[in-house]
Amino acid sequence: MPFNRLSALWGMLAVLSWLATGCSPEAGPPSEPPPTVVDSHVIQAGNGTAITRLSGRVKAAERTSLSFEIPGEIRRLTVDVGERFAAGEVLAALDDERYRLVARQRRAELREAEAVLREKRQDYRRQASLAEKGYVSETRLDAARAAMGTAESRHASAEAARELAERDLTLTALEAPFDGSVSRRHAEPAERVGASQPILEVISDREGFEVETSVPETLVGALEEGSRHEVIVPALGGAASPATLRHLGTQPRSSNDYPVILAVDAPPAGLRSGMTAQVALSLAEPDADATLPVPLTALVYTGEDRAHVLRITEASRLERVEIEVVAIDDGRALVRGDLAAGERIVARGAEFVGAGQAVSLLGEGPERYN
């Protein structure tokens with residue numbers, strides 16, 4: 001009986017030892033974990049041109065702020081915001097009563113100065129004639145000559161004062177410098193305004209429209225004046241128009257962004273100043289290496305200016321590839337690096353997997369990519 005109990009005990013120890021060693025006395029190392037399922041993207045061939053989309057605002061190519069050169073009270077305003085006008089049309093007028101009275105006064109002063117000048121000239125001619133005959137002294141002749149000179153100066157001053165007064169009278173009317181429309185109104189009738197105080201902001205129909213945006217300093221070298229780009233206006237159903245880069249700023253505005261102005265070559269119907277726009281800039285490649293488009297979600301940033309993607313090899317393993325981001329365009333990045341069209345990369349979630357890891361493709365089950 002004791003022998004049977006000892007045998008049973010040894011049998012139980014043998015079973016426990018077998019379980020502890022993996023259910024087999026000859027169990028090998030633990031098996032590799034199953035592949036991680038990843039969403040992938042096949043790289044397509046690029047077109048050799050980098051496109052960057054930026055936000056901008058539509059403005060009239062020719063615009064100005066109108067004001068009176070003289071102070072006064074506004075008597076009338078003939079246009080309102082949005083109304084159109086023709087060149088030379090009176091858009092606003094000041095109460096001109098005071099300026100009419102001043103002009104009348106200056107005309108009277110000029111007539112008086114003319115009369116005095118005629119008198120002094122006649123007196124001088126008379127004194128000169130008598131001096132030739134020896135009837136008057138040189139002192140008296142000199143006095144007549146000086147009086148005539150003073151009268152001539154006063155006449156010239158009176159004539160200039162009359163011209164200024166008449167000019168001020170004409171300036172009580174504010175005329176349109178070109179055909180266009182009113183974009184903003186700063187004053188109202190019966191309001192007193194000062195010289196050079198803005199009254200109306202107007203835009204012209206002559207020069208069309210332009211779009212103003214700004215680009216970071218990293219893109220300045222890839223742009224040049226006269227280059228062709230594209231402008232898209234969301235408010236007009238995404239209407240697009242070719243645009244020519246007219247101005248590239250030489251001084252940054254803020255945060256190293258440089259101003260860029262593009263002329264809209266073929267403005268779409270309904271385009272108005274103030275509308276927002278998207279500017280699709282076609283950037284010149286800095287070298288002969290072509291760029292390839294990849295999803296923005298495929299990028300893994302490892303530093304301020306460094307990024308990489310994870311390539312899926314033929315053995316269904318991940319391989320890290322360092323890349324340079326050249327431009328960003330509507331959900332994708334144009335990159336340069338050791339990549340080729342037709343290769344497959346992790347499309348999203350790359351930050352959760354790593355190089356050397358075995359993967360399977362989303363939607364393809366256990367099949368391997370060949």
Side-chain angles (χ1 to χ4, degrees), residues 55-110 156-214 235 246-247 249-254 257 259-264 267 270-277:
S55 296
R57 187 165 295 277
V58 178
K59 293 186 177 181
E62 186 176 17
R63 54 192 180 275
T64 187
S65 178
L66 301 181
S67 61
F68 290 101
E69 292 186 36
I70 55 176
E73 180 181 313
I74 297 179
R75 185 177 63 188
R76 61 190 174 95
L77 277 169
T78 62
V79 289
D80 206 344
V81 176
E83 294 185 3
R84 309 192 68 80
F85 52 79
E89 182 180 340
V90 175
L91 306 181
L94 296 176
D95 184 354
D96 63 355
E97 182 179 3
R98 178 179 179 277
Y99 293 98
R100 284 190 291 104
L101 293 174
V102 171
R104 185 185 304 174
Q105 180 183 11
R106 298 293 181 262
R107 294 189 196 105
E109 291 173 350
L110 177 61
S157 178
E159 187 172 21
R162 188 262 304 170
E163 290 177 356
L164 285 173
E166 291 184 348
R167 178 178 180 275
D168 286 347
L169 182 59
T170 62
L171 292 177
T172 58
L174 189 62
E175 297 182 354
F178 42 64
D179 295 343
S181 60
V182 179
S183 61
R184 192 170 182 182
R185 179 164 151 171
H186 295 282
E188 298 298 331
E191 181 179 341
R192 288 200 63 84
V193 295
S196 301
Q197 179 179 333
I199 306 300
L200 298 169
E201 290 184 13
V202 296
I203 57 179
S204 169
D205 296 337
R206 295 186 300 193
E207 301 295 332
F209 295 92
E210 61 188 22
V211 174
E212 185 174 356
T213 184
S214 59
R246 175 180 293 176
H247 171 76
T250 56
Q251 295 292 329
R253 287 177 172 170
S254 62
D257 284 345
V260 170
I261 297 177
L262 300 101
V264 182
L271 186 64
R272 297 182 182 276
S273 180
M275 287 184 172
T276 57

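Values reported hereafter were calculated over all heavy atoms of this structure, with side chains retained and with hydrogens, waters and symmetry mates removed.
Shown here for Phe209 and Leu271, the closest heavy-atom pair between the two residues is CZ-O, 3.4 Å.
Salt bridge annotation for Glu97-Arg100: absent, with no cationic side-chain nitrogen under 4.0 angstrom from a carboxylate oxygen.
Expressed to the nearest 0.5 Å, how far OG of Ser181 lies from CZ of Arg63 amounts to 12.5 Å. Note: Ser273 OG to Arg184 CZ = 12.0 Å, rounded to the nearest 0.5 Å.
In this structure, the side-chain contact (heavy atoms from CB on, under 4.5 Å) partners of Ile261, at least two apart in sequence or on a different chain, are Glu210, Glu212, His247. By the side-chain hydrogen bond (donor to acceptor under 3.5 Å, both in side chains) test, Asp168 is found to be paired with no residue, residues two or more places apart in sequence or in another chain being considered. Arg98 meets the salt bridge (charged side-chain N to carboxylate O under 4.0 Å, His left out) test with no other residue; sequence neighbours excluded. Listed by chain and number, the residues in a side-chain hydrogen bond (donor to acceptor under 3.5 Å, both in side chains) with Ser204 are Glu62 (sequence neighbours excluded). Under the side-chain hydrogen bond (donor to acceptor under 3.5 Å, both in side chains) criterion, Arg104 pairs with no residue, sequence neighbours left out. A search for side-chain hydrogen bond (donor to acceptor under 3.5 Å, both in side chains) contacts involving Arg57 returns nothing, not counting sequence neighbours. Partners of Glu188 under the side-chain contact (heavy atoms from CB on, under 4.5 Å) rule, at least two apart in sequence or in another chain, are Arg185, Glu191.
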Side-chain donor/acceptor pairs under 3.5 Å, residues 81-92, sequence neighbours excluded:
from  : atom 1 : to     : atom 2 : distance (Å)
Glu83 : OE1    : Asp80  : N      : 3.2
Arg84 : NH2    : Asp205 : OD1    : 2.7
Arg84 : NH2    : Asp205 : OD2    : 2.2
Glu89 : OE1    : Ala86  : N      : 3.1

Would you give me the side-chain donor-acceptor pairs under 3.5 Å for residues 69-76, sequence neighbours excluded?
from  : atom 1 : to     : atom 2 : distance (Å)
Glu69 : OE1    : Arg167 : NH2    : 2.9

Can you list, pair by pair, the side-chain donor-acceptor contacts under 3.5 Å of residues 193-203, counting residues two or more places apart and other chains?
from   : atom 1 : to     : atom 2 : distance (Å)
Gln197 : OE1    : Gly194 : N      : 3.0
Glu201 : OE2    : His186 : NE2    : 3.0

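Two residues are said to be in side-chain contact when any heavy atoms from C-beta on lie closer than 4.5 Å; Thr170 and Glu166 fail this criterion. Looking at heavy atoms from C-beta onward, Leu171 lies out of side-chain contact with Phe68 at the 4.5 angstrom threshold.
With Val182 as reference, Val79 is the one residue of Val79, Leu66, Leu77 to meet the side chain to side chain contact (heavy atoms under 4.5 Å, CB included) rule.
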